[in-house]
2 protein chains.
Amino acid sequence: MVIDDELIDMDTLERVAPVIRNAAHPLRLRILDYLHHEKEPRTVTEITEAAGASQAIVSQQLRILKDQGLISSKRDSHNVLYCIVDPSVLLLLECIRRHDGMCVKPHNM
Amino acid sequence: MVIDDELIDMDTLERVAPVIRNAAHPLRLRILDYLHHEKEPRTVTEITEAAGASQAIVSQQLRILKDQGLISSKRDSHNVLYCIVDPSVLLLLECIRRHDGMCVKPHNM
DNA sequence: TCTATATATATGAATATACATATATTACGA
DNA sequence: TCGTAATATATGTATATTCATATATATAGA
């Protein structure tokens, strides 16, 4: 359980905010959602297809997510496989679903 | 309940990502955490003290949060009171607590 | 070793963001 | 109506982000 009765200290906020900030990008969220959905590690090519963007751009986004420690990669001969390693980011996706649900169907909240 | 077995569509991601992105700023997260913690609406002066930044900067941040529809304001004579109106952003704070907990105490996940 | 496929990086221009300082507005009480 | 406390905005500069294009690297197979 997480302590919830006191404010998050500024050090933590300054450390974690950039991680969330970097994840909160349409294409990067798409990648995270895809990797979560697929459960198993996926290649850059597969991710590129799912993301609907160019290979170079997807590779750039993967790098950003990896630098933040949200995903990891391992090479498998020709391919490089990516998967999510920080499950806390999945709450971001849940946050979006809930936010969206709230906006579109207010009676659900 | 939220449907979780298909990918969030890009339109939604493009709409919601900026909201999260704007919230994911140390000072703005502090403000959201404070307002959530206090439960009742708080004045700019109170928020400024809690945030530990200048009045002008806090006012700028409040404006940004308000523009995103995350908080609302109402005037009470001299003061302007702010409160959270979009509860989905509270998941961000939970996300941070969990992320932080994961980093500091890995055995908790 | 040469080639093809898969992936990664460099670079630059356009745009956005952060933050400080100065100034403006608002509303009430004297 | 004048002053003052509370809040908001304007502006500029430094810095960061985005996204595209071109190019580089890595691996396996012929």
Side-chain angles (χ1 to χ4, degrees), chain A residues 10-11 13-32 34-35 38 40-83 92, chain B residues 10-11 13-32 34-35 38 40-83 92:
Chain A
M10 283 303 288
D11 282 354
L13 293 178
E14 281 169 10
R15 185 164 40 77
V16 182
V19 179
I20 297 176
R21 186 174 194 72
N22 273 312
H25 173 284
L27 199 49
R28 297 199 277 274
L29 288 169
R30 164 61 102 183
I31 291 169
L32 292 171
Y34 173 70
L35 290 177
E38 294 295 311
E40 295 302 314
R42 290 297 169 205
T43 69
V44 176
T45 300
E46 289 170 323
I47 297 166
T48 297
E49 281 168 15
S54 75
Q55 180 272 319
I57 288 181
V58 168
S59 196
Q60 285 168 352
Q61 312 306 327
L62 289 170
R63 175 64 127 98
I64 291 170
L65 292 172
K66 190 178 175 185
D67 284 349
Q68 298 292 335
L70 301 180
I71 63 178
S72 73
S73 64
K74 63 181 174 195
R75 185 170 273 277
D76 176 34
S77 84
H78 274 311
N79 304 316
V80 175
L81 299 168
Y82 283 87
C83 63
L92 272 190
Chain B
M10 282 305 288
D11 282 354
L13 293 178
E14 281 169 10
R15 185 164 39 77
V16 182
V19 178
I20 297 177
R21 187 175 193 70
N22 274 312
H25 174 284
L27 199 50
R28 298 200 276 276
L29 287 169
R30 164 63 102 183
I31 291 169
L32 292 172
Y34 174 70
L35 290 177
E38 295 295 310
E40 296 301 315
R42 290 297 168 204
T43 69
V44 176
T45 300
E46 290 170 322
I47 297 166
T48 297
E49 282 167 15
S54 76
Q55 180 274 318
I57 288 181
V58 168
S59 196
Q60 285 168 352
Q61 312 306 328
L62 289 170
R63 175 63 126 97
I64 291 170
L65 292 172
K66 190 177 176 185
D67 285 350
Q68 298 291 334
L70 301 180
I71 63 177
S72 73
S73 64
K74 63 182 174 196
R75 185 169 272 277
D76 175 34
S77 84
H78 274 311
N79 304 317
V80 176
L81 299 168
Y82 282 88
C83 62
L92 273 191

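Sequence lines set the chain letters: A, B, ... in the order given, protein chains first and strands last, and positions in each chain run from 1.
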**Message:** For the backbone of B:Asn22 and the side chain of B:Arg28, can you confirm whether one donor and one acceptor N or O come within less than 3.5 Å of each other?
**Reply:**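 It does hold such a pair.
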**Prompt:** Does any N or O in the side chain of B:Arg21 come within less than 3.5 Å of the main-chain N or O of A:Arg21, such that one atom is a donor and the other an acceptor?
**Reply:**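 Judged by distance alone, yes, a pair lies under 3.5 Å.
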**Message:** Classify B:Thr45 by what it touches in the nucleic acid, base, sugar-phosphate, or nothing, heavy-atom distance under 4.0 Å.
**Reply:**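 Since only primed, P, OP1 and OP2 atoms lie under 4.0 Å of B:Thr45, the category is sugar-phosphate.
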**Request:** Just call it for A:Thr43: base, sugar-phosphate, or nothing, with non-hydrogen atoms closer than 4.0 Å on any strand.
**Result:**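 The residue A:Thr43 makes sugar-phosphate contact but no base contact.
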Ignoring backbone atoms, test whether [X] places a side-chain nitrogen or oxygen under 4.0 Å from the OP1 or OP2 oxygen of [N].
X: A:Asn79; N: D:dT27; result: no
X: A:Tyr82; N: C:dA8; result: yes
X: A:Arg63; N: C:dA10; result: no

Within this structure, what is the [atom1]-to-[atom2] distance between [X] and [N], rounded to whole angstrom?
X: A:Gln68; N: D:dT17; atom1: CD; atom2: C1'; value: 13 Å
X: B:Glu46; N: D:dA5; atom1: CD; atom2: C1'; value: 15 Å
X: B:Leu65; N: D:dT7; atom1: CG; atom2: P; value: 16 Å
X: B:Arg21; N: D:dA16; atom1: CZ; atom2: P; value: 14 Å
X: B:Ile31; N: D:dA8; atom1: CD1; atom2: C1'; value: 14 Å
X: B:Ile57; N: C:dC19; atom1: CD1; atom2: P; value: 7 Å
X: B:Lys74; N: D:dT7; atom1: NZ; atom2: C1'; value: 17 Å
X: A:Glu49; N: C:dA6; atom1: CD; atom2: C1'; value: 12 Å

**Complete:** Per-nt protein contacts along nucleotides 22-30 of chain C (heavy atom under 4.0 Å; B base, S backbone sugar-phosphate only, - none) come out as B----SS--
Which heavy atom of [X] sits nearest a heavy atom of [Y], and at what distance?
X: B:Ser73; Y: B:Lys66; result: OG-NZ, 2.7 Å
X: A:Ile47; Y: A:Tyr82; result: CD1-CB, 3.9 Å
X: A:Arg30; Y: A:Ala51; result: CG-CA, 4.0 Å

**Message:** Taking the minimum atom-to-atom distance to the side chain of A:Gln60, which one of D:dT7, D:dT9, C:dA10 wins?
**Reply:**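 Out of D:dT7, D:dT9, C:dA10, the nucleotide with an atom closest to A:Gln60's side chain is C:dA10.
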**Options C:dT11, D:dA8, C:dC19, nucleotide nearest the side-chain atoms of B:His25** =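 For B:His25, the side-chain atoms sit closest to C:dC19.
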